[in-house]
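Counting from 1, the numbers follow the sequence of the chain as shown.
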Amino acid sequence: MDDIPSNVHVLSRILKDDYDIYFATDGEKALDLVQARLPDLVLLDIMMPGMDGYEVCTRIKADPATHDIPVIFISAKSEVEDETRGLEVGAIDFITKPISPPIVKARVRNHLLLKRQADLLRSLSFLDGLTGIANRRRFDDTMAREWRRCARSHQPLSLVILDVDHFKSYNDHYGHQAGDECLRMVAAVLADRVKRTGDLVARYGGEEFVCLLPETESDGALQVAERLRSAVVDCAIPHDYSPVASHVTVSLGVATMIPSADQSSDQLAQMADQLLYQAKRGGRNRVQGALIPAL
């Protein structure tokens, strides 16, 4: 990100053979680009018209969706206080102009390697140890990010909460090892049926799972939920101690709303949870849905 096109061209020539390059020439466009592309690394000039590089970096680091993207300042400003300020606002490195192509290549390569290692550790911390799908921490993080994004774009956000019917009876009669295997099978089926980029299936806790569906209207979310319910039934996991069926079933609550800045994502989760219990009270092995009007 640099307001001088010749600088952009120089960096592009240095890096284009090894990486996909995107560029912006002012702070606002830079932030829009980062939000849209979620790059692995940002090379940022300090002196730009309007919003300077320090402010751009500060905003990148303030947003949970972009906080972990490493930023390298590339600038003609080489005083100690300039570099110190850059590091204080969250940059990971500082390269002074005129740039040396071998140094730029080496530092970019090294920081991308560190980024990949950090991403791997982060992804492991977001996995449920039993089922191998996303865990509650990953869900909470994604929910917060998608809530803000859908609020900005005025798009609907749908949430499915589902519960394995009479799972306590399953555990009591088949044993906890069999119960764990049942949850793994259910999780695998759910993950297999939800493949759209941006959708998320996660273990919510115990025998509860969630499916987050950004930019999905109520009707579409209900269709996804019914597909999930039917897929679990098709697995035909024996459950001789369920009063609902001779096999494992699930009950699902589905809520949809268009987020706004003055609302909380907790409202969506609470409504989906209430609808889940309506499905249970209605006989289980069913989908219960509702649309929450935007305020």
Exercise. Determine the minimum heavy-atom distance between Asp3 and Pro49, stating which atoms define it.
Key: CB-CD, 3.4 Å
Quiz item: Can any side-chain N or O of Glu208 pair as donor or acceptor with the backbone N or O of Gly205 at less than 3.5 Å?
Solution: no
Quiz item: Are the side chains of Asp82 and Tyr54 in touch, meaning some heavy atoms are under 4.5 Å apart?
Solution: yes
Quiz item: Do the side chains of Asn171 and Glu207 get nearer than 4.5 Å, heavy atoms only?
Solution: no
Quiz item: Leu157 versus Arg149: any side-chain heavy-atom pair under 4.5 Å?
Solution: no
Quiz item: Can Val34 be reached from Val89 by stepping across I, L, V, M, F, W or Y side chains whose heavy atoms are under 4.5 Å apart?
Solution: yes
Quiz prompt | Minimum side-chain heavy-atom gap Gln278-Leu275 below 4.5 Å | solution = yes
Self-check item: Distance (rounded to the nearest 0.5 Å) between Met143 CE and Arg136 CZ
Solution: 9.5 Å
Quiz item: Can Ile60 and Leu31 be said to form a side-chain contact (heavy atoms from CB on, under 4.5 Å), step by step?
Solution: CA-CA 7 Å; Ile60 289 173; Leu31 290 173; 3.9 Å; yes
Quiz item: What is the minimum heavy-atom distance between Glu217 and Ser158, and which atoms define it?
Solution: O-OG, 3.8 Å
Practice problem: Could you tell me whether the side chain of Val232 reaches within less than 4.5 Å of the side chain of Thr249, counting heavy atoms only? | Solution: no
Practice problem: With rounding to the nearest 0.5 Å, note down the distance linking CD in Gln267 to CG in Leu159. | Solution: 12.5 Å
Self-check item: Shortest non-hydrogen contact between Met257 and Trp147, atoms and distance
Solution: SD-CH2, 3.5 Å
Quiz item: Would you say Val250 and Tyr241 are hydrophobically clustered, going by side-chain heavy atoms of ILVMFWY under 4.5 Å?
Solution: yes
Quiz item: How far does OG of Ser230 sit from CG of Asn285, to the nearest 0.5 angstrom?
Solution: 9.5 Å
Quiz item: Going by an N to O cut-off under 4.0 Å, is there a salt bridge joining Arg59 and Glu55?
Solution: yes
Quiz item: More than 12 non-hydrogen atoms from neighbouring residues, nucleotides or ligands closer than 6.0 Å to NZ on Lys168, yes or no?
Solution: no
Quiz item: Between Lys61 (side chain) and His67 (backbone), is there a donor-acceptor pair under 3.5 Å?
Solution: yes
Quiz item: Which of parallel (below 30°), tilted (30 to 60°) and perpendicular (above 60°) describes Tyr174 and Tyr170?
Solution: tilted
Practice problem: Go through the steps for Val56 and Leu44 under the test side-chain contact (heavy atoms from CB on, under 4.5 Å), then give the verdict. | Solution: CA-CA 8 Å; Val56 172; Leu44 182 60; 4.1 Å; yes
Quiz item: Considering all heavy atoms of both residues, which atom of Val201 and which atom of Ala134 are nearest to each other, and what is their separation?
Solution: O-CB, 3.5 Å
Practice problem: Evaluate the side-chain contact (heavy atoms from CB on, under 4.5 Å) criterion for residues Leu190 and Ile133: first the C-alpha distance (whole Å), next the side-chain angles of each, then the deciding distance (0.1 Å), finally the verdict. | Solution: CA-CA 10 Å; Leu190 300 178; Ile133 65 172; 5.8 Å; no
Exercise. Report yes or no: do Thr216 and Arg196 form a side-chain donor-acceptor pair below 3.5 Å?
Key: yes
Quiz item: Minimum heavy-atom separation for Ala231 to Val189, with atom names?
Solution: CB-CG1, 3.4 Å
Quiz prompt | Heavy-atom side-chain proximity of Leu276 to Gln288 below 4.5 angstrom | solution = no
Quiz prompt | Asp165 side chain to Ser251 side chain, donor-acceptor N/O pair below 3.5 angstrom | solution = yes
Quiz item: Measuring from Arg37:CZ to Asp20:CG, what's the distance to the nearest 0.5 Å?
Solution: 9.0 Å
Quiz prompt | Lys/Arg-Asp/Glu bridge criterion (N-O < 4.0 Å) met for Glu88, Arg85 | solution = no
Quiz prompt | Any donor-acceptor N/O pair, Arg138 side chain to Asp128 backbone, under 3.5 Å | solution = no
Self-check item: Met1 reachable from Ile21 in the ILVMFWY side-chain graph, under 4.5 Å edges
Solution: no
Practice problem: Begin from the C-alpha positions of Asp141 and Arg145 and carry the test salt bridge (charged side-chain N to carboxylate O under 4.0 Å, His left out) through to its verdict. | Solution: CA-CA 6 Å; Asp141 181 78; Arg145 182 173 65 252; 3.1 Å; yes
Quiz prompt | Co-membership, hydrophobic cluster, residues Val8 and Ile74, 4.5 Å side-chain | solution = no
Quiz item: Do Lys29 and Asp32 meet the salt-bridge criterion of a basic N to acidic O distance under 4.0 Å?
Solution: no
Quiz item: What do the steps show when you test Leu228 against Phe209 for side-chain contact (heavy atoms from CB on, under 4.5 Å), and what is the final call?
Solution: CA-CA 11 Å; Leu228 297 179; Phe209 297 87; over 6 Å; no
Quiz item: Side chains of Asp2 and Met48: closer than 4.5 Å at any heavy-atom pair?
Solution: no
Practice problem: Quick one: closest heavy-atom pair of Ala187 and Thr131, and the distance? | Solution: CB-CB, 3.6 Å
Quiz prompt | Over 12 non-hydrogen atoms of neighbours within 6.0 angstrom of CD in Glu81 | solution = yes
Quiz prompt | Beyond-backbone contact of Ile14 with Ile99, side-chain heavy atoms, under 4.5 angstrom | solution = yes
Quiz item: Who pairs with His166 by ring pair (Phe, Tyr, Trp, His ring centres under 6.0 Å), at least two apart in sequence or on another chain?
Solution: none
Self-check item: Tyr19 atom OH, neighbour heavy-atom count above 12 within 6.0 Å
Solution: yes
Quiz item: Would you say Asn135's side chain and Ser125's backbone share a donor-acceptor pair under 3.5 angstrom?
Solution: yes
Quiz item: Are Tyr277 and Val287 joined in one hydrophobic group, where the rule is that I, L, V, M, F, W and Y side chains link up if heavy atoms are under 4.5 Å apart?
Solution: no
Exercise. Return yes if a side-chain donor-acceptor contact under 3.5 Å exists between Gln35 and Asp63, otherwise no.
Key: yes
Self-check item: salt bridge (charged side-chain N to carboxylate O under 4.0 Å, His left out) between Asp180 and Arg184, worked out
Solution: CA-CA 6 Å; Asp180 288 349; Arg184 280 192 285 266; 5.2 Å; no
Quiz prompt | Rounded distance [0.5 Å steps], CZ in Phe73 versus SG in Cys57 | solution = 4.5 Å
Self-check item: Gap separating the OH atom of Tyr204 from the CG atom of Asp273, nearest 0.5 angstrom
Solution: 6.5 Å
